[in-house]
Protein chains: 2
Amino acid sequence: MAIQQVQDDLLRKSYPLFEDNLVSEIEEQGEFKTFPANEVLMRKGQYIRSTMLVLSGLIKIYREDDEGNEFLMYYLRPGEACALSLVCAAKHEASPIMAKTVTETDVMMVPVDTMSEWMSKFKSWYQFVIETYRTRFDELLATLDNVAFRSMDERLEFYLKRAKEAQQTNLLNISHQEIANELNTSREVISRLLKKMEQKDMVKLNRNTIELKKF
Amino acid sequence: MAIQQVQDDLLRKSYPLFEDNLVSEIEEQGEFKTFPANEVLMRKGQYIRSTMLVLSGLIKIYREDDEGNEFLMYYLRPGEACALSLVCAAKHEASPIMAKTVTETDVMMVPVDTMSEWMSKFKSWYQFVIETYRTRFDELLATLDNVAFRSMDERLEFYLKRAKEAQQTNLLNISHQEIANELNTSREVISRLLKKMEQKDMVKLNRNTIELKKF
DNA sequence: ACCGAACGGTGATTCAAATCACATAGCAGT
DNA sequence: ACTGCTATGTGATTTGAATCACCGTTCGGT
């Protein structure tokens, strides 16, 4: 099958509500790219010239501060786009976030100027943009709730649930250090809490893997 | 002057980018309301049937959790609307937030169904919606940063700066207890930190008022 | 099979913030 | 002016989490 055909299938499957004309324009204007796992797609402070439409794989979006602290905001799955890239693209602002692939990921890069045209041209596009804002807003609120109201053990549970859902597996391949970074705490704290969860038979721990049992 | 004329003036002044036809429809479909200071406009869990367009005054938007904890998300000033009410209105979902007036406030209540029509009918309306999402997203990120990365003294400073800007005054009429609630901490902590700031000559404290000096 | 790096476990200590306990000050209503 | 309520000040104690110190384990590379 031609490469173009594969890309078209991916796009239509991930974004079933897009009109045919919109799909054609995306294919014309956009650039198809594949990134390996664990690749940083965007750093804080970079300028954004295009939005990524996720076609396959999984992306993590982080917030970073000036001292190198970071924490996980949310995941992006196929059919989703980052609200922030829509924001920044529109304002030609520097990115306030960092994006990183979890698994190998296919995306379609769409240039900014094109996007704003589509807003008036394609109903399905602005519905998509609105829906993107909506779901990202909800996700961000959930993250905020946890940071503001919950103690570290509750936040860890929430983190693991979210990871399970995003990655569709009970077997997470991740180190304690990485979890600590994503919750903006220290490795020791996570190790201790995970150990307690193991004693309650909620998880099973092995080097670089966490098996989720009661989730 | 007729009441309708006053309302029309307020609306046009606060939302100068709205098309004439849109202003007419808002006046036809919407309901003009005035709330006194310190009135709760919306509680968590309520269902949202309309969005508020702020015409004058000032509103605070809080996040609440199930145990009665709360914290301030951001302010809404004239010309602004709450992104969340747009979200929930669209999804017919319960409100995840609480809204409260700071000063006497005039708003225009717009029913949900009408709003979605406007999305395709009035370019200035969907531009407004997009812009609302954008700015609320930015505000929410700033709030999140503070909770996630900053210590309580830094968060307090940020809080005071934001309050000054929203209320356009150096003389805040607010108790330590109220600040504590809005930062989800305890009154003693705020009293102590404010005392330290007074010693540094950053503020001047009096019963129910805080005078901001170096801000 | 050995080495070095990354990973994970765990006690001891420090620290910021929450909580407890109580005192004092200022304002509002009678 | 008295009363009572709300707001504020401040020490003492507790607590959850961060940090420090150090250990053994596992894995990948040669």
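In what follows, every chain begins at residue 1, and chains take the letters A, B, ... in the order their sequences are listed.
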Next on the checklist: Using a 4.0 Å heavy-atom cut-off to protein, can you give one letter per nucleotide of nucleotides 16-21 of chain C, 5' to 3': B if the base is in contact, S if only the sugar-phosphate is, - if neither?
Outcome noted: -SSBBB
Checklist entry - Do A:K44 and A:D66 meet the salt-bridge criterion of a basic N to acidic O distance under 4.0 Å? => result yes
Checklist entry - Is there a side-chain contact between B:R150 and B:F158, using heavy atoms and a 4.5 Å cut-off? => result no
Checklist entry - In whole Å, what is the span from the CD1 atom of A:I190 to the P atom of D:dA17? => result 10 Å
Checklist entry - Under 3.5 Å, is there a donor-acceptor pair linking the side chains of B:Q4 and B:D8? => result no
Item to check | Nearest-angstrom distance from the residue atom NZ of A:K195 to C1' of C:dC7 | outcome: 12 Å
Item to check | Side-chain donor-acceptor contact under 3.5 Å, B:N38 with B:K100 | outcome: no
Checklist entry - How many Å lie between NZ on B:K204 and C1' on D:dT8, as a whole number? => result 14 Å
Next on the checklist: In whole Å, I'd like the distance from the NZ atom of A:K196 to the P atom of C:dG9.
Outcome noted: 14 Å
Next on the checklist: Using whole Å, what does the distance between atom P of nucleotide D:dC5 and atom CD of B:Q177 come to?
Outcome noted: 17 Å
Next on the checklist: Counting C-beta onward and ignoring hydrogens, is there a side-chain heavy-atom pair between A:L72 and A:E178 closer than 4.5 Å?
Outcome noted: no
Checklist entry - When every nucleotide of nucleotides 25-30 of chain D is labelled 5' to 3' by its protein contacts under 4.0 Å (heavy atoms), B for base, S for sugar-phosphate only, - for none, what sequence of letters results? => result BBS---
Checklist outcome for this item: Residues of residues 66-74 of chain A with a heavy atom under 4.0 Å from any atom of DNA chain D, listed by number, are none
Checklist entry - Between B:S191 and B:E188, does any side-chain donor sit less than 3.5 Å from a side-chain acceptor? => result no
Checklist entry - Is the phosphate of C:dG9, meaning OP1 or OP2, less than 4.0 Å from a side-chain N or O of A:H176? => result yes
Checklist entry - For B:Y75, is the NZ or CZ atom of B:R162 found under 6.0 angstrom from the centre of its six-membered ring and inside 45 degrees of the ring axis? => result no
Next on the checklist: Just so I know, are the side chains of A:V203 and A:E211 near enough to count as touching, which here means a heavy-atom distance under 4.5 Å?
Outcome noted: no
Checklist entry - How long is the line joining CG of B:N206 and C1' of D:dT6, in whole Å? => result 16 Å
Next on the checklist: Donor-acceptor pair, distance only, cut-off 3.5 Å: does the side chain of B:Y15 make one with the backbone of B:L55?
Outcome noted: no
Checklist entry - Angle class for the A:W125/A:F18 ring planes (parallel below 30°, perpendicular above 60°, tilted otherwise)? => result tilted
Item to check | A:F149 and B:F71 aromatic ring geometry - parallel, tilted or perpendicular at 30°/60° bounds | outcome: tilted
Next on the checklist: Tell me the interatomic distance from B:M197, atom CE, to D:dT8, atom P, rounded to whole angstroms.
Outcome noted: 15 Å
